[in-house]
Number of protein chains: 2
Amino acid sequence: MLGVSLIPIRSGSSSASGSGAERSDAARNRELLLCAARQLVEECGADGVTMDKLAERAGVGKGTVFRRFGSRAGLMMTLLSDAEAEFQGRFMFGPPPLGPGAPPLERLIAFGAERIRYVMEYGELARAAETSLHNRFEAPAAVLWHRHIEHLLRSAGFDADPWLMAMSLSATLEPERLLHAVRVQHVSPGRLEDSWRELVIRVVGAAGG
Amino acid sequence: MLGVSLIPIRSGSSSASGSGAERSDAARNRELLLCAARQLVEECGADGVTMDKLAERAGVGKGTVFRRFGSRAGLMMTLLSDAEAEFQGRFMFGPPPLGPGAPPLERLIAFGAERIRYVMEYGELARAAETSLHNRFEAPAAVLWHRHIEHLLRSAGFDADPWLMAMSLSATLEPERLLHAVRVQHVSPGRLEDSWRELVIRVVGAAGG
DNA sequence: ATAATATCCGGACCGCAGTCCGTTTAGACT
DNA sequence: AGTCTAAACGGACTGCGGTCCGGATATTAT
């Protein structure tokens, strides 16, 4: 059942953090920063956003930016959190074939297809959110995808180390690789989806159940 | 036949570059730099080697370091070139099951196993050689592996987009991921090899030939 | 030997992510 | 209002990869 509450990603605007609420100036600055960040992403692209530019645009000090988001990757995760949460909701609770109800193989195929579309839309942000060795595999979102794929593999009767196989399948769907394939090597997203389907069919198809 | 001459990686000490030979001071500095770099890798680990430290240790200016190697990634590639060339020689011309002579599936399995061992030994360098978006997928070595896997897939009768499937398989073998699995998640290399074998068996096993 | 020149050298310089710490201020309590 | 304190602020600072260009030097032609 995957005892995971939805969206462990990052707080967008909620408070209620144990002891006291957030100070008002902090809240105001966070809004200023998020607003400025979205502007900058639109103007310069995700890769063109620097923490200095962001601080200046928002009219706050650089230290404030890092206290809010911890790192550049953290900022990018925050910017992604809405889209990410929506995606998570769809594959965990949404309608088939992505959500529960469809056979595991169908869900795996749909998961890859949706993920590819997601990367085509938010890939730059997602890639920027994955810098810093630490967050790349341990980020809540990445862990959740991994578990989801592993779960689907098990459900499909895959009995040989589903954990590692989920790792391999995740690797195929990494933003960096997908973006490079599409933007540099001119592979169409449709072709990516076809190859993903072929891959998962073969991986689970040969299984016992 | 893959019309590729061996080792397009980086010159270790050869000259013969079109016009004139290398100036003697340049050659001397390159040796100083390589020697210092190997020392530093041993002392600080690949991740601990900075270009400033290297320049100071070798007793040359920072500019010289960058003229020699182009970038930090280039330096790491150069440090890897011997091991890399040896590996390439083995899977292209060496004895079966890695080299030609064995059935394609056997060669694929052996390739993954060898690659895993390679990463266990040189993983830090390999990872450091893969920074900078550009070199990650376009580096000669990466292209060669990709082509090799694609070739083996075709030979094994895989008929559905071998190019992209080779990309997926390559993704599984990336140093970053493998190192993380082993060092952080305590997966044994043997388990990685088993999962790789399972993966390629299923991928080519379901094929026509 | 000497002059000419293409190459190489060095380190000051830049932009960036991330840290540190003295200063300011919001919010609660009196 | 006044005081007190924990939290937030800001921007100078560090370390890094990478660039630039005036000066030094090996090589070649004479």
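Within every chain, numbering begins at 1; the chains are lettered A, B, ... in the order of the sequence lines, protein sequences first and strands thereafter. This one's a predicted model, so the numbers in the text were calculated from it and none came from an experiment.
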request  = Assess whether one donor atom and one acceptor atom, taken from the side chain of A:K62 and the base of D:dA12, lie less than 3.5 Å apart.
outcome  =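 Check fails, no donor-acceptor contact within cut-off.
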
request  = Kindly write out the residues that satisfy salt bridge (Lys or Arg N to Asp or Glu O under 4.0 Å) with B:R183, not counting sequence neighbours, or none if the list is empty.
outcome  =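 With neighbours one apart ignored, the set is B:E124.
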
task = List in chain and number order the residues that pass salt bridge (Lys or Arg N to Asp or Glu O under 4.0 Å) with A:E106, two or more places apart in sequence or in another chain; answer none if no residue qualifies.
result =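 A:E106: no salt bridge (Lys or Arg N to Asp or Glu O under 4.0 Å) contacts found.
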
Determine all donor-acceptor pairs shorter than 3.5 Å in which one atom belongs to a side chain in residues 38-46 of chain A; sequence neighbours excluded.
residue, atom, partner, partner atom, Å
A:Q39, OE1, A:R57, NH1, 2.6
A:E43, OE1, A:R57, NH2, 2.9
A:E43, OE2, A:R57, NH1, 3.1
A:E43, OE2, A:R57, NH2, 3.4

Residues forming a side chain to side chain contact (heavy atoms under 4.5 Å, CB included) with [X], sequence neighbours excluded:
X      : answer
B:H134 : B:E138
A:D194 : A:R197
A:R154 : A:E150, A:P162

Spacing of [X] atom [atom1] relative to [N] atom [atom2], expressed in whole Å:
X     : N      : atom1 : atom2 : value
B:F69 : D:dC16 : CZ    : P     : 18 Å
B:F66 : C:dC14 : CZ    : C1'   : 13 Å
B:R30 : C:dC9  : CZ    : C1'   : 16 Å
A:R72 : C:dC16 : CZ    : C1'   : 10 Å
B:R68 : C:dG10 : CZ    : C1'   : 13 Å

key: Check: A:R177 and A:T172 side chains under 4.5 Å, non-hydrogen atoms   =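 In short, these two side chains do not touch, never coming nearer than 4.5 Å.
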
ask   = Tell me, do B:E84 and B:Y122 make a side-chain contact under 4.5 Å, heavy atoms counted?
value = no

inquiry  = So if I take residues 43-61 of chain B and measure heavy-atom distances to DNA chain D, which residues fall below 4.0 Å?
reply    =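 Output list: B:V49, B:T50, B:M51.
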
Distances under 3.5 Å only, N/O to N/O: pair up the protein atoms with those of nucleotides 27-30 of chain C.
residue, atom, partner, partner atom, Å
C:dG27, OP1, A:S24, N, 2.9
C:dG27, OP1, A:S24, OG, 3.1
C:dG27, OP2, A:S24, OG, 3.3

Compare side-chain N and O positions of [X] against OP1 and OP2 of [N] and report whether any pair is under 4.0 Å apart.
X     : N      : result
B:R67 : C:dC9  : yes
B:R28 : D:dA26 : no
B:N29 : C:dC8  : no
A:T64 : D:dG10 : yes

query = Does B:F66 have any ring pair (Phe, Tyr, Trp, His ring centres under 6.0 Å) partners at least two apart in sequence or in another chain, and if so, which?
reply = none

